[in-house]
Amino acid sequence: MKSSSSAGGSGSGSGEGSGSFNLRNLSKLILPPLGKPTAGQAQPHGAGSNDKWVISPLDSRYRCWETFMVLLVAYSAWVYPFEVAFMNASPKGGLEVADIVVDLFFAVDIVLTFFLAYIDSRTQLLVHDRRKITMRYLSTFFVMDVASTIPFQGLAYLVTGEVRESPAYSLLGILRLWRLRMVKQFFTRLEKDIRFSYFWIRCARLVAVTLFLVHCAGCLYYLIADRYPHREKTWIGAVIPNFRQANLWIRYISSIYWSITTMTTVGYGDLHAQNTVEMIFNIFYMLFNLGLTAYLIGNMTNLVVEGTRRTMEFRNSILAASNFVGRNHLPPRLKQQILAYMCLKFRAESLNQQQLMDQLPKSICKSICQHLFIPVVENVYLFKGVSKEVLLLLATKMKPEYIPPKEEVIVQNEAPDDVYIVVSGEVEVIFFNGESEQVVATLGTKDIFGEVSALSDRAQSFTFRTRTLSQLLRLKQATLKEAMQGKPEDSVVIIKNFLKHQIEMHDLKIEDLLGEDTGEYDHGNIPCNLLTVAATGNSSFLEDLIKVGMDPDVGDSKGRTSLHIAASKGYEDCVLVLLKHACNVNIKDAQGNTALWQAIAARHHKVFNILYHFALISSPHAGGDLLCLAARRGDLDTLRELLKHGLDVDSEDHDGATALRVALAEGHAEVARFLVMNGASIDKVSLDDGASPARQTTVPPDELRELLQKRELSHPITIVDSPVAPSVVREVGSPGNSRKGRSDNSAHWPRVSIYKGHPFVRNHSSEAGKLINLPATMEEFRTIIGKKLKVDKNNVVVMSDEGAEIDSIDVIRDNDKLFIVAEEHMNTVSLTNLVSGSLHVS
């Protein structure tokens, strides 16, 4: 299978595609907008951009830098009120050096922001354009970031040569608190990160807010007392008259103590307001505390009782999933898949995209789907050339889904119910040979998978696993088939596209698809006839073409009909459809092969059984013709397979010849010996009538008689049954009996299904059947029937699925379906039911 190119610049997604995917990467996934072929997953440093200097905000190194800046912001927010209140806005010693270093880091962060890609709020995609990044930053946060970084006190000292303690500089310092938004964003990200406990992150956020407000209020309390003209008439001066001479930490702790007692309204004790200014400040502070208390109590109530509902539900589901994985000892990779899927579902639901579309009228939804999905769908190979009407119908029925990396969408040997179109991301096509996995292709934007099952009615040969975060459009197979049935002309286009793609992608020729050498087709003109449709195994579309008037018996230049193709491929459903529409079973191709021969030569035993029963109706010599053809070609393996199906070794063809006679005439000695030892009668072959030189030189008459004596002396030749029933062993004995018995080991006996009721009047609501081991005698079989189906064993008739009565155990084969009918009910089955059910196969 060829590797399909991954258009759309899907990117590697921070290494998710090539390496292992872990929970750390979940926070780096960006959901692309619906129907957009540009991948939106996280990209590593510089990914998706030709500019190597552009930094991704989801890069691990930048995330570490952001965390470091949060710590610096926390330090700056704490130290600024402290310096203004207790140091008269003039830091000394280590604090002064620390402030300079912190400001330098903030300046570096401003420079980095000019190279930082951003997520467009409209498209949810990373923007790497340097010009757009610069313009966006200059028009939003640049001015405030610079203002919050400028050391105004230092600049004043450089300009005037002295330290200014003007209130203006203190007010300008408030701009440092601008960067507190980074702390808020940091906590918001941690709350949605399932690697950390939501409860403790939320508690830490509330505690940080409370402590910061207490710290700021304490510093303001001290600032008011320190600047008041009559210091002895202040809250701290009443207790500590010379508080300015007191230790710095004593003054700070006293301020924090008074701030906390005021906030919690537990009473002041020995500290209380002493003057009007302090009283006015307390009034506003306690009014503010009312709101803060309501905020804290409300948040704590939500946290303990309900929390933020969606986040808590998400967290509970994550906890339940983790417990489930641990309790059942699931492997780590499966745990990662479960958690990744739940996280992605939570993030997708938060966008409310599907919920919004479900609320809109159908007319608006059609317009939305036409705008979002049609540009993608019309470029998918399967739908090229299809009418706009069908495209709109399919697009309206499609559902967008976000699939996390390393998620298996379709498993090998599975027959999915859906077809998927890749909008963004990458999907790996993997083949598992029983020991190891092999990536045979990578699907990208506008590729489709799952269509093989939809159009061929067979299981997928590969596993399809997402390599990166992928947006897929999911379409029900039933919807696709309904659209094809409603528009036959578009169905022809779709089938042609499918056949052409199969040939191109698998390096096939049209003769490879049809099974033999052909010279009448080329890659540019794939015919949409019964032969090519039968080659894909699409029974439903095959029946549609027959219904519109196509002749099922029309062959190609080699004489092959659609029944030849379906039989050689083993497509049972296609064979049944062709037989239902009276296809001629006995047509021969240019090489003299019938569909029966194609089926047995390819070892499709179930298809052969179906065809053989129908061939006997129109040609009593069907078995003899097959045996004689195999003998004429010297095909010993096919002869063995035919005998396993119970064909009489002495059957005559339409010319009256037997397989042994043909083998002798053609000079196939080994075939002749095999036939004799497996019960072929030599009575029909004259040994003394002046046999031809071929007969004399092939198997002399004396050797034939010797073989006959060995057979009569009970030297049986055993034939192991075909793959349909590998455990069955039949022994070939006397000339008149080609199946003398069966193995005594019950484990080697055939298994058959038995059903109550006539095969032509049964339907899906009829009583279920029983699967049993076939006994050695008919009497034992009747006894089992009586026990399993609760019927009178002496008053029943055993019938095949064609309605033929069975009175011998030897004609029953492995996997046969048998129907048990009471004798008194035989006459109640009307001729109409029998005729209408003549083509029914249970």
Side-chain angles (χ1 to χ4, degrees), residues 458 508-518 530-531 534-537 552-553 555-576 578-579 583-616 618-619 621-649 651 653-654 657-660 662-663 666 668 670-672 674-675 678 680 719-726 728 730 813-815:
R458 62 178 185 269
L508 296 176
K509 300 178 181 179
I510 188 66
E511 55 266 24
D512 297 327
L513 189 66
L514 297 180
E516 293 185 12
D517 184 27
T518 58
L530 292 182
L531 275 76
T536 66
D553 291 332
D556 59 7
S557 60
K558 301 296 182 180
R560 294 171 302 158
T561 66
S562 52
L563 188 61
H564 284 85
I565 301 298
S568 65
K569 298 285 186 179
Y571 296 147
E572 180 184 351
D573 292 340
C574 291
V575 169
L576 291 174
L578 292 168
L579 293 176
C583 181
N584 190 344
V585 183
N586 301 308
I587 294 179
K588 296 181 180 180
D589 62 13
Q591 297 179 355
N593 300 325
T594 63
L596 266 171
W597 178 266
Q598 297 282 10
I600 195 63
R603 305 300 186 259
H604 298 307
H605 299 279
K606 195 169 184 179
V607 172
F608 174 81
N609 283 331
I610 296 172
L611 291 172
Y612 183 63
H613 289 305
F614 275 87
L616 286 177
S618 57
S619 176
H621 299 290
D625 288 337
L626 284 172
L627 290 171
C628 290
L629 180 60
R632 183 175 296 108
R633 295 178 175 179
D635 193 338
L636 192 60
D637 291 335
T638 301
L639 268 176
R640 183 179 290 108
E641 296 299 325
L642 290 171
L643 293 182
K644 291 175 188 176
H645 284 276
L647 273 68
D648 188 356
V649 71
S651 298
D653 64 3
H654 59 281
T658 63
L660 179 58
V662 171
E666 296 295 331
H668 298 306
E670 290 298 324
V671 173
F674 173 80
L675 291 170
N678 283 277
I719 303 177
V720 181
D721 202 356
S722 64
V724 176
V728 178
R730 297 190 178 94
R813 297 291 175 262
D814 193 49
N815 289 334

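We use all heavy atoms of the structure for the numbers below, so side chains are in, but hydrogens, waters and symmetry mates are not. Since we're looking at a predicted model, the values are computed, not measured.
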With sequence neighbours left out, write down each residue that passes side chain to side chain donor-acceptor pair (under 3.5 Å) with [X], or none if nothing qualifies.
| X | value |
| --- | --- |
| R633 | N593 |
| T594 | none |
| T638 | D635 |
| N586 | S618 |

So do [Y] and [X] actually touch side chain to side chain, heavy atoms under 4.5 Å?
| X | Y | result |
| --- | --- | --- |
| V607 | Q598 | no |
| E666 | V671 | no |
| L643 | F674 | yes |

Would you say H605's side chain and E641's backbone share a donor-acceptor pair under 3.5 angstrom?
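Looks like no, no N/O pair under 3.5 Å.
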
Would you say the side-chain atoms of S619 pair up with the backbone N or O of L616, donor to acceptor, closer than 3.5 Å?
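Answer holds: no.
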
Let me confirm one number: the NZ-NE2 distance from K569 to H604, rounded to the nearest 0.5 Å.
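Taking NZ in K569 and NE2 in H604, the distance rounds to 8.5 Å.
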
Separation of L642 CG from Y612 OH (nearest 0.5 Å):
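If we round to the nearest 0.5 Å, Y612:OH and L642:CG are 9.0 Å apart.
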
Considering non-hydrogen atoms only, spot the tightest contact between A657 and C628 and give its length.
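The pair with the smallest heavy-atom distance is O-SG, 3.4 Å.
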
My understanding is that only residues two or more places apart in sequence, or in another chain, count here; which of them pass salt bridge (charged side-chain N to carboxylate O under 4.0 Å, His left out) with D553?
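If we apply the salt bridge (charged side-chain N to carboxylate O under 4.0 Å, His left out) test to D553, skipping adjacent residues, there are no hits.
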
Sequence neighbours left out, what passes side-chain contact (heavy atoms from CB on, under 4.5 Å) with A595? Give chain and number order.
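In terms of side-chain contact (heavy atoms from CB on, under 4.5 Å), with neighbours along the sequence ignored, A595 is linked to L563, A567, L611.
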
Sequence-distant partners of A601, side-chain contact (heavy atoms from CB on, under 4.5 Å), two or more places apart
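For A601, the residues satisfying side-chain contact (heavy atoms from CB on, under 4.5 Å) (neighbours in sequence not counted) are W597.
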
